[in-house]
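This is the structure, below, for whatever I ask next.
The sequence lines fix the lettering, A, B, ..., with proteins before strands; numbering per chain opens at 1. Every heavy atom of this structure was used, including side-chain atoms; hydrogens, water molecules and symmetry mates were not.
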Number of protein chains: 2
Amino acid sequence: MDRLSSTFAALADPTRRAILAKLSLGEASVTELAKPFAISMPAVTKHLKVLEGAGLISRSREAQFRPCKLEAAPMKEVSRWIEQYRWCWEESFDRLDAYLAEVQTAEKPGKKKKKKARKRH
Amino acid sequence: MDRLSSTFAALADPTRRAILAKLSLGEASVTELAKPFAISMPAVTKHLKVLEGAGLISRSREAQFRPCKLEAAPMKEVSRWIEQYRWCWEESFDRLDAYLAEVQTAEKPGKKKKKKARKRH
DNA sequence: TCATTAAATAACCAATTAGTTAAATAACGT
DNA sequence: ACGTTATTTAACTAATTGGTTATTTAATGA
């Protein structure tokens, strides 16, 4: 699977997003990460494998612990990808503006509706 | 499933991302969307259902066509979520800067290594 | 050496996913 | 009314996912 797909897939699970949130506060061991969840350790290990596979975390060894560390590089890729679409949702604001403008003018019944030029789509 | 999870899940497939890319150029019918892919129509219909379920597209009727339209609102949520982590990958740049700085000073053997204050993690 | 703690692996299960083909629906044009 | 085009639904399959319990590996410390 391509990088972007495996990153999105990894982020599509709330448990994994919670793990990332915790890791954003600093490194943590598997047991520490598992604590807030009502799932078994092997389940956590699997989630960590998914995150590691997407490059979202890296792991090291420290005595019997395997501390996890957030690696945000794939998120950067996601951010770049999603920014392509920013103009789409900002246009929605335009539309909201237009809507609100129309509501206002509608309250003064004498005025005609303005037809603003639309961007593509 | 929560909104963010279903959005990420929908985006985790390259076919669906390609469909969104095409829709960013304007509305399109199912057959038009299906054209670039070597998959059956029912498979495309299913992808569209996933995208619609995540709120990433909306559909209307126009004669026998069911035109699809990009709805970027969920992407906006994704963008907001990912921005939480921006400082993480920007810190990586800091680290790279620090590394490059060290490489440079290492080339002039008289100088000592600087120990910059680190942000959390 | 032996018990303890940390974590991973193995083997299994149920639900979901991404695809298929074949059949059904919906709207159009003649 | 009938054939065509657009799309969906149904029924099935193979692979993947997210979880489990039981077992194993790795490192610590007494």
query = Just how far, in rounded Å, is P of dA8(C) from CZ of R59(A)?
reply =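 Taking atom P of dA8(C) as the reference, CZ of R59(A) is at 4 Å.
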request  = Starting from P on dA26(D), measure out to CD on E62(A) and report it in whole angstrom.
outcome  =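 One finds 19 Å between P of dA26(D) and CD of E62(A), rounded.
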key: Nearest-neighbour nucleotide for the D13(B) side chain, dC28(C), dT7(D), dA18(C) considered   =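 Minimum distance to the D13(B) side chain belongs to dA18(C).
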message = dA6(C), OP1 or OP2 - any side-chain N/O from S29(A) closer than 4.0 Å?
response =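 It does not, given that no N or O in the side chain of S29(A) lies less than 4.0 Å from OP1 or OP2 of dA6(C).
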request  = Counting heavy atoms from C-beta on, name the nucleotide in dT7(D), dA8(C), dC28(C) closest to the side chain of Q64(B).
outcome  =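 My answer, after comparing the listed nucleotides, is dC28(C).
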query = Looking at R61(B), does any N or O in its side chain come under 4.0 Å of the phosphate oxygens OP1/OP2 on dA27(C)?
reply =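 True: R61(B) side-chain N/O within range (under 4.0 Å) of dA27(C) OP1/OP2.
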ask   = Does A63(B) offer a backbone N or O that forms a donor-acceptor pair with the side chain of R61(B) under 3.5 Å?
value =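 Checked: pair present.
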inquiry  = Take a 6.0 Å sphere around CZ of R80(A) and say whether it holds more than 12 heavy atoms from other residues, nucleotides or ligands.
reply    =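 No.
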ask   = Over how many whole Å does the gap from L51(A) atom CG to dA8(C) atom P extend?
value =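 Those two atoms, CG and P, are 12 Å apart.
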query = Atom NZ of K46(A) to atom P of dT17(D): distance rounded to whole Å?
reply =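 Checked: the NZ to P distance equals 10 Å.
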ask   = Just by distance, do the side chain of R59(B) and the backbone of P67(B) share a donor-acceptor pair under 3.5 Å?
value =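 Judged by distance alone, no pair lies under 3.5 Å.
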dA6(D) OP1/OP2 closer than 4.0 Å to side-chain N/O of T31(B) =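 Negative; the distance criterion is not met.
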ask   = R66(B) CZ to dT8(D) C1': how many Å, rounded?
value =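 After rounding, the gap between these two atoms is 9 Å.
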query = Between I39(A) (CD1) and dA8(C) (C1'), how many Å, whole number?
reply =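 About 15 Å, once rounded to whole Å.
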key: Value in whole Å for how far the P atom of dT7(D) lies from CG of L48(B)   =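 That distance rounds to 10 Å.
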inquiry  = As a quick check of understanding, evaluate side-chain contact (heavy atoms from CB on, under 4.5 Å) for E83(A) and S79(B), giving each step before the final call.
reply    = CA-CA 8 Å; E83(A) 285 304 313; S79(B) 178; 3.6 Å; yes
request  = May I ask you to verify if any side-chain N or O of S40(A) is less than 4.0 angstrom from the OP1 or OP2 atom of dG19(D)?
outcome  =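 So the side-chain polar atoms of S40(A) never come under 4.0 Å of the phosphate oxygens OP1 or OP2 of dG19(D).
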ask   = Looking at CG of L20(A) and CD1 of I57(A), how far apart are the two atoms once the value is rounded to the nearest 0.5 Å?
value =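 Answer rounded to 0.5 Å: 7.5 Å.
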ask   = Just how far, in rounded Å, is P of dA8(C) from CZ of F65(A)?
value =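 These atoms are roughly 12 Å apart.
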query = What nucleotide, of dT9(D), dT9(C), dT20(D), holds the atom closest to the side chain of A43(A)?
reply =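 Of the candidates, dT20(D) comes closest.
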task = Please determine if a side-chain N or O atom of H47(B) lies less than 4.0 Å away from the OP1 or OP2 oxygen of dT17(C).
result =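 Checking dT17(C) against H47(B), no side-chain N or O comes under 4.0 Å of OP1 or OP2.
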